[in-house]
Amino acid sequence: MKKLGIDFYQRKDVVEIARELIGKMLVTSFNGIITSGRIAETEAYNGVTDKASHAYGGRRTNRTEVMYMPGGAAYVYLCYGIHHLFNVVTNIADEPHAVLIRAVIIVDGSEKILERLGKKILKNNLLKGPGVVSKGLGISTAATGTSLLDTNIFIYEDGFEVASSNIIATPRIGIDYAEEDALLPYRFVLNA
DNA sequence: CGACCGATCGTCT
DNA sequence: GACGATCGGTCGA
């Protein structure tokens, strides 16, 4: 087990990072309660030139400020007034790249995850959908800006190998407003 | 099944 | 004052 370090997050190619995050382990540890899952779906948001990104055109607001931090921070924001979406900030400071985690396969703490979701049985042992991933792992907007090099939220690799043929690239979800950028194959799905 | 719709509120204009 | 990087329930076939 090897926690991903600053050298992983601060690279320039956010699309490559999004692809490499498939198969890695995402862990949260709040109040001694550990939950984790293997990342099964990601989306890359490619900085100021990406019309789908909150930081498109260099937009800089209170909400998006975290995206301009050095790679290795968590960017969590509220969507539709209900859902807390968890992103990994990448690249160096002032290059606002991020990877949205859209699905994980539950590994540790399934009982706690079910409790957070208010459910008894979880289909496919999968947290599918970015809002549900955050809810199940206990991540909220309060965690935005948290360092992934710390112990509350982090990502590690455990030697689980994913053949590149088992990673499918597709356009991103829910970003029709992004015009031509809506078609970019920046979404990666683990072939189950 | 798939299509549709309502919930709900912080953020930006 | 409008609108989401969504979700889950309901309705009809």
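Naming convention: chains lettered A, B, ... in sequence-line order (proteins, then strands); numbering from 1 in each chain.
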Write down the distance between [atom1] ([X]) and [atom2] ([N]), rounded to a whole number of angstrom.
{"X": "A/Leu127", "N": "C/dC7", "atom1": "CG", "atom2": "P", "answer": "11 Å"}
{"X": "A/Lys120", "N": "C/dG8", "atom1": "NZ", "atom2": "P", "answer": "17 Å"}
{"X": "A/Tyr45", "N": "C/dG4", "atom1": "OH", "atom2": "P", "answer": "13 Å"}
{"X": "A/Lys123", "N": "C/dG8", "atom1": "NZ", "atom2": "P", "answer": "11 Å"}
{"X": "A/Tyr75", "N": "C/dA5", "atom1": "OH", "atom2": "P", "answer": "9 Å"}
{"X": "A/Tyr177", "N": "C/dA2", "atom1": "OH", "atom2": "P", "answer": "20 Å"}
{"X": "A/Lys135", "N": "B/dT8", "atom1": "NZ", "atom2": "P", "answer": "12 Å"}
{"X": "A/Arg172", "N": "C/dG4", "atom1": "CZ", "atom2": "P", "answer": "15 Å"}

> Would A/Glu43 and A/Arg172 satisfy salt bridge (Lys or Arg N to Asp or Glu O under 4.0 Å), going step by step from the backbone distance to the final call?
Replying inline: CA-CA 7 Å; A/Glu43 280 180 5; A/Arg172 292 169 292 182; 5.4 Å; no
> Does any N or O in the side chain of A/His84 come within less than 3.5 Å of the main-chain N or O of A/Thr141, such that one atom is a donor and the other an acceptor?
Replying inline: yes
> Any donor-acceptor pair under 3.5 Å linking the side chain of A/Lys3 with the backbone of A/Asp150?
Replying inline: yes
> Within the pair A/Arg59 and B/dT11, is there a side-chain N or O less than 4.0 Å away from OP1 or OP2?
Replying inline: no
> Are A/Arg38 and A/Asp158 close enough for a salt bridge, meaning some N to O gap below 4.0 Å?
Replying inline: yes
>> Less than 3.5 Å apart, any donor N or O on the side chain of A/Arg19 or A/Ser164 sitting next to an acceptor on the other?
In response: no
> Heavy atoms under 4.0 Å, any strand shown: does A/Leu100 hit a base, just sugar-phosphate, or nothing?
Replying inline: base
>> So A/Arg63, base contact, sugar-phosphate only, or nothing? Heavy-atom distance under 4.0 Å.
In response: sugar-phosphate
> For the side chain of A/His54 and the base of C/dA5, is some donor closer than 3.5 Å to an acceptor across the two?
Replying inline: yes
> Is A/Tyr77 stacked on the base of B/dG10 when the test is centres under 5.5 angstrom and planes under 30 degrees?
Replying inline: no
> Should C/dA5 form a Watson-Crick or G-U wobble pair with both distances under 3.5 Å, which nucleotide is its partner?
Replying inline: none
> What's the closest nucleotide to the A/Lys119 side chain, out of C/dT6, B/dC9, C/dG8?
Replying inline: C/dG8
> What nucleotide among C/dA5, B/dT8, B/dT13 has an atom nearest to a side-chain atom of A/Ile82?
Replying inline: B/dT8
